[in-house]
Protein chains: 2
Amino acid sequence: MLDPVSRVRRFNRAVTSAVGALDTSFLGRGRPLGAARVLNAIGHGRSDVAEIRDYLGLDSGLMSRLLRSLEDEGLVETEAHQDDGRRRVATLTRTGRREFAAYEALSNAQAEGFLAQHSQAEALLAAMDLIASTLTRQRIALVEMEPRSNEARYCLGEYYAELGRRFKQGFDVSLSRDPDAKDMRRPRGSFIVAMSDTLPIGCVGLKGTDHGYAEIKRLWVAPAARGLRLGRRLMDAAEDAARKLGIALLRLDTNSALAEAGQLYRSTGWHEIPRFNDDPYPDLFFEKRL
Amino acid sequence: MLDPVSRVRRFNRAVTSAVGALDTSFLGRGRPLGAARVLNAIGHGRSDVAEIRDYLGLDSGLMSRLLRSLEDEGLVETEAHQDDGRRRVATLTRTGRREFAAYEALSNAQAEGFLAQHSQAEALLAAMDLIASTLTRQRIALVEMEPRSNEARYCLGEYYAELGRRFKQGFDVSLSRDPDAKDMRRPRGSFIVAMSDTLPIGCVGLKGTDHGYAEIKRLWVAPAARGLRLGRRLMDAAEDAARKLGIALLRLDTNSALAEAGQLYRSTGWHEIPRFNDDPYPDLFFEKRL
DNA sequence: CACGATACCTGACTAAAGTCAGGCATCATG
DNA sequence: CATGATGCCTGACTTTAGTCAGGTATCGTG
C-alpha cells in the first residue's frame, strides 16, 4: 500500500478528481473552456496570436474561431502587428478586462479557499512549489537578465537569506565582495535567472574581472527546485555565456558548508586552487579552463 | 510574484496543464476517455452500474452507451443484480482483465517515470502525499479496525519510528508498556485508523483497563496529513468510542518532546495529573472526564 | 518585383461528451 | 394485483474540441 508508485498514483487520482475543484474558475461564467482559456491568456499579457496558440497548444483554425467568438462577445479586439502585417495582436476591450478580472477574482478565491483547509499553509505551499517545479521542469527557461531586475534581486535576496541560515557565523552582504552590477552585464559578464512559469527559481552570475578570468557568483537554486539538476543547467549556461564572451578561464569561491555545490563543481571539471581573494566567507576556491 | 495565492495558482496551472502528462494511461490504447474510465472503474472493483455512474459523474444514458461499447469490444459483461433485477452488475471478461492490466501497467510505468525525473524522490513523494491528503481531506474516513490488521500495524510502526527520532534517548517498544491487542478491541477498547483513499494516515488506540478508566494510546498522524486537524478528529472519535463503551474516565501519558500533542490535549479539556504508571518514556500525564 | 515562406482565416468535416424525453422491465407497497 | 417508483436503455439532439485542406494578405530575399 505504500510503494512509491502507488503513492504517485494516489496523488494523480486526488489531483485529477480535483482539477475541477482546483481551478473551476475557467468555468462558471457561461463560456466554453477554450474561449475562457484564450481570454485569460490575453489577460495575462500574452497578446501575440501565435504565442497564445503555442502556449495553449491550439490548432490555428481553432484559435481563429475562438478569437472570433471573443470578438463577437465584445471582449477582445485584434489588430495587425506593428512590424509584421501578417501577425495579429489581441487586446482586451474594457468589457474584456472586466470579464478577465472576474475570472481572476474567482481563481484567487479558490486558491485562498484551498489554503484555508490547512493549518500549516507554508508546508502546503512548499509542497505545491516542489511539485509544480517538477511538473514544469521541461519548461524551466534560463533567461539572461539585468542584475538589477526584480527577478534577479529576488533570487539574490533568497540566496543571502540561505547563506545566513547555513553559515554558522551568519552572512552579511556588506562584508562580502558584492559584485558590481555592471560586471555581471554584457560585455563584461552575464546574469542568468531560471524561470519556471513566472516564478524565479534559481540564478547564477558571471562576473567579468580585469585579471584574465571571469568569476562565477551567486549560484542559487530555490529549495522547491532542488533535485531537478538545475544547478548543473545554470552552470552550463554560465559557461556557455562565458565562451560566447571569449572568456577562457573561470574561477569561483565557495564555502565548505555548501556541500552540494562543492560536489557539483568537482563533478563538472572544476579543480581546487589556492585562495585568490580576501573575501571572509569562502574557504574553497575553484578554477576551470574552458 | 510570491504571495501564497499566486503560488497556489502556479501549482494549479502546472497540474492542470500536466494532468494529461500525469496520467495519460487512460489514453494510448485507442479507446475514448469515457470508455477507458469505465473499464478502469470496473477493474478497480466497482461493479454496480449505478455506483460507477455516480463515481464518474456520468449521465445514465451516456453510461449505458459506454457499457455497450465495452461489451461490443468483448471486455465487459453485464448481468442483472442478484437481489434486484432492475440493477445491473458489470464484470470484466478474460479479455477485459487483460486490457485492464495493460492500463495498470501503463499507469505504473508513468508514475515511475515521473519519480525518475527527480533525484530526491522521497521529498517529492512526501509533497505529493501532503497535497493528496489535503485534496481528499473531506474523504478521510475514521474506521475502527482490528489492532493487528496490516493498516494498524503500519501506523504503529511509523509511530514507533517517529518516537525513535524525536526522543533523545530513542525509543524501544519492548521497554514501553506495549498495550495488549485485546485491550484495544471491543468490548474493552477500540483501535481507530484514519484512511485516506487506501492509505492509512493516522491512528489512535483506546485501551481498556481494570482500574475504572481507559487509556488513550498510540495517537499518531502521518507527517503528510499534519495540519489537517486530524489529531483532533481522531481524539474525538476515540472519546466517542469510549462513551459508547460506557467509559467515563480517560487517562493518557505522553512526552514533553511531543509538544503539539500536549497542546492538543490541553486545548480539548484534558488536565494534567501526577504520574500514574512506571513506563520509562512518558513524563506528562493527563486525565479527562467524559 | 517575382517567389517562396509565413501568419492567419474559412469552410467542411469528425469524434467525443453530454442532454433529454420517453420506454420497458422490475420492485415495493397498499 | 394495481400502481407509482426505480434502474437502465434507446433515439434524437446539441455543444465543444479538434483536424485538414485550401485561400489570402504580407513578408523577406534575390
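Predicted model only: the values in this text are computed from it and were never measured. Every chain is numbered from 1, with letters handed out A, B, ... down the list of sequences.
When distances are taken from the side chain of A50(B) to each of dC8(D), dA17(D), dC8(C), the shortest belongs to dC8(D). Set against dA17(D), dA17(C), dC8(D), the side chain of R87(B) has dC8(D) as its closest nucleotide.
For Y55(B) and R37(B), the side-chain atoms include no donor-acceptor pair closer than 3.5 Å. Donor-acceptor pairing under 3.5 Å is recorded for the side chains of T78(B) and E71(B).
Between the C1' atom of dG18(C) and the CZ atom of R37(B) lies a distance of 12 Å, rounded to the nearest Å. Rounding to whole angstrom units, CG of residue L33(B) and P of dG18(D) are separated by 13 Å. Look at CG on D59(B): it is 13 Å from C1' on dT14(D), rounded to the nearest Å. Q82(A) places its CD atom 13 Å from the P atom of dC27(D), with the value rounded to the nearest Å. Spacing between atom CG of L67(B) and atom P of dC8(D) amounts to 9 Å, rounded to whole angstrom units. Rounded to a whole Å, the CZ atom of R68(B) is 17 Å from the P atom of dG7(D). Regarding L62(B), its CG atom lies at a distance of 13 Å from the P atom of dT10(D), rounded to whole Å. Put simply, CG on D48(A) is 16 Å from P on dT6(C), counting in whole angstrom units.
Within the structure, every side-chain polar atom (N or O) of R88(B) is placed at least 4.0 Å from both OP1 and OP2 of dG7(D).
Annotation: of the two residues near DNA chain C, G61(A) and R86(A), the 5′-most nearest-nucleotide partner is R86(A). Projected onto DNA chain D by closest heavy-atom contact, H81(A) and G57(A) fall at different nucleotides, the more 5' of which corresponds to G57(A). Residue order along DNA chain C, read from the 5' end via each residue's closest nucleotide, puts R53(A) first among R53(A) and D84(B).
Within the 4.5 Å cutoff, no side-chain heavy atoms of R226(A) are placed close to those of S133(A). Annotation: side chain of F114(A) is in contact with side chain of L135(B) (closest heavy-atom distance under 4.5 Å).
Atom CZ of R243(A) has more than 12 neighbouring heavy atoms from other residues, nucleotides or ligands inside a 6.0 Å radius.
In terms of polar N and O atoms assigned as donor or acceptor, the side chain of R65(A) comes within less than 3.5 Å of the base of dT19(D) in a complementary pairing.
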